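Written below as structure tokens is the structure these notes are about.
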Amino acid sequence: MSQTHEIEQAVAALRRGALIALPTETVYGLGADASNELAVRRIFAAKGRPSSHPLIVHVADLAAARTWSTGLGPVGERLAAAFWPGPLTLIVRRSARASDAVTGGQDTVGLRVPSHPLALALLRAFDGGIAAPSANRFGRVSPTTAQHVRDELGDEIDVLLDGGPCSVGVESTIVDVSSGVPRLLRPGGLALEQLESTLGQAVVHAEQATDVRAPGMLESHYAPRAGVRLVSAAELPALATGDVVVLARDSVAVPAGVRRLGVPDDDAGFARVLYARLREADLLAGQILVVPPEESGLGRAVTDRLRRAAAPRARKPDGAF
Ligand code: TXA
Ligand code: MG
């Protein structure tokens with residue numbers, strides 16, 4: 001099928017209120033027409049996600065973004081101009097266009113212009129907003145290939161656009177600019193250092209915020225089935241025994257005979273392979289030992305996701321997560 005035809009099919013699916021999967025440079029999204037409340041509710045049902053957790057509206061450009069907001073404000077405008085299209089989500093004051101179904105009833109909305117060419121082509125052809133969380137079941141690892149989406153949510157989706165493996169590999173950086181003072185809600189594919197140098201000011205990390213509306217801010221999230229434990233390279237010889245697999249950069253020495261999955265030495269490379277490796281590791285062993293990167297650049301997002309994957313999990317009565 002030609003790409004134009006695929007996009008036409010995806011647009012038709014969006015217009016009839018169905019769910020689609022779309023590639024973005026960060027992770028694959030589970031998309032619906034953001035203006036169709038019924039379609040938006042289908043997203044929550046498919047993911048098993050609580051309806052109070054708001055969705056990001058994806059748009060084709062800054063002009064489209066402005067129609068979903070009463071105003072991005074000077075900080076929002078500056079960040080949008082610098083980093084869109086790209087792995088940045090701005091939380092801004094919503095306009096009447098953003099329904100409660102999308103925002104979870106909050107007076108703000110999350111907006112993003114993704115840079116993946118297929119996502120942009122789709123957004124231009126659709127000429128509307130696409131509400132899209134990551135295309136995984138609630139609490140699980142985000143998908144970075146079309147096959148991950150097929151495995152996990154294949155039955156829920158009318159059209160799956162395959163844009164190849166995601167180039168960034170972790171979700172967008174979320175910055176709340178709705179109060180005029182930028183607050184980092186989620187470290188992600190755009191490095192904090194880049195945000196700060198563009199703004200010429202420090203961006204406060206809102207991790208300790210008490211109002212936890214963002215699932216990415218829940219303690220246990222991004223979790224494979226296997227246990228995840230963060231360790232230092234020095235601890236590996238003592239801990240890497242039994243039913244374990246090691247995830248560490250290729251330059252880290254791993255004891256002989258212990259299974260390991262390769263990870264590039266640079267932060268961007270770690271981010272790009274992170275979720276695929278967690279899925280692979282999950283099939284290999286009951287416990288995943290991970291040597292996390294330094295917490296700078298994209299290493300901050302990688303370590304954030306690993307901590308959440310390692311956090312104690314609330315088990316349902318049937319033993320499932
Ligand atoms: O890279 C990404 O951001 C991917 C791709 C598909 O764009 N999407 C993604 O969506 O990660 P999701 O739903 O898995 O995570 C979006 C986060 C959630 O934690 C959500 O609660 C938060 O954004 N969010 C959305 N709107 C918000 C708002 N108005 N205020 C605070 N947080 C918001
Ligand atoms: Mg998600």
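In this text, all values refer to a predicted model and were calculated from it rather than measured experimentally. Counting starts at 1 for both ligands and their atoms, following the listed order.
Panel note: side chain Lys47, backbone Leu153; no donor-acceptor pair is recorded below 3.5 Å.
At under 3.5 Å, a nitrogen or oxygen of Arg49, whether backbone or side chain, sits near a nitrogen or oxygen of ligand 1.
Within the 2.8 Å limit, Ser134 places at least one N, O or S atom next to the Mg ion (ligand 2).
A single hydrophobic cluster is not seen to contain both Val204 and Val75; linkage of ILVMFWY side chains at heavy-atom distances under 4.5 Å, directly or through other members, places them apart. A single hydrophobic cluster is not seen to contain both Ile130 and Leu111; linkage of ILVMFWY side chains at heavy-atom distances under 4.5 Å, directly or through other members, places them apart.
Counting heavy atoms under 4.0 Å from ligand 1, residue Arg94 does not touch it at all.
By the 4.0 Å heavy-atom criterion, Thr103 is excluded from the residues contacting ligand 1.
For the pair Asp107 and Arg93, the salt-bridge criterion is met [side-chain N within less than 4.0 Å of a carboxylate O]. Between Arg300 and Glu193 there is a salt bridge, since at least one side-chain N of the basic residue sits less than 4.0 Å from a carboxylate O of the acidic one. Here Glu25 pairs with Arg112 in a salt bridge; the nearest charged N to carboxylate O distance falls below 4.0 Å.
Heavy-atom proximity to His58, at under 4.0 Å, picks out these atoms of ligand 1: 5 (C), 6 (C), 7 (O). Of all atoms in ligand 1, numbered sequentially from 1 with element shown, those under 4.0 Å from a heavy atom of Gln106 are 28 (C), 30 (N). Which parts of ligand 1 touch Thr26 is read off a 4.0 Å heavy-atom cut-off, strictly below it: atoms 1 (O), 2 (C), 4 (C), 5 (C). Listed by number with element, the atoms of ligand 1 under 4.0 Å from a non-hydrogen atom of Glu171 are 1 (O), 2 (C), 11 (O). Taking a cut-off of under 4.0 Å to the non-hydrogen atoms of Ser172, the atoms of ligand 1 that pass are 1 (O), 2 (C), 3 (O).
Interatomic distance, Arg249 CZ to Arg260 CZ, rounded to the nearest 0.5 Å: 11.5 Å.
A side-chain hydrogen bond (donor to acceptor under 3.5 Å, both in side chains) with Ser142 is found for exactly one of His148, Arg305, Glu171, Glu152, namely Glu171.
Here atom 22 (C) of ligand 1 lies nearest to Ile174 when heavy atoms of Asp176, Asn136, Ile174, Leu185 are compared. Here atom 8 (N) of ligand 1 lies nearest to Ser134 when heavy atoms of Ala131, Ser134, Ser52 are compared. Distances from atom 32 (N) of ligand 1 to the heavy atoms of Ile91, Thr108, Leu190 put Ile91 nearest.
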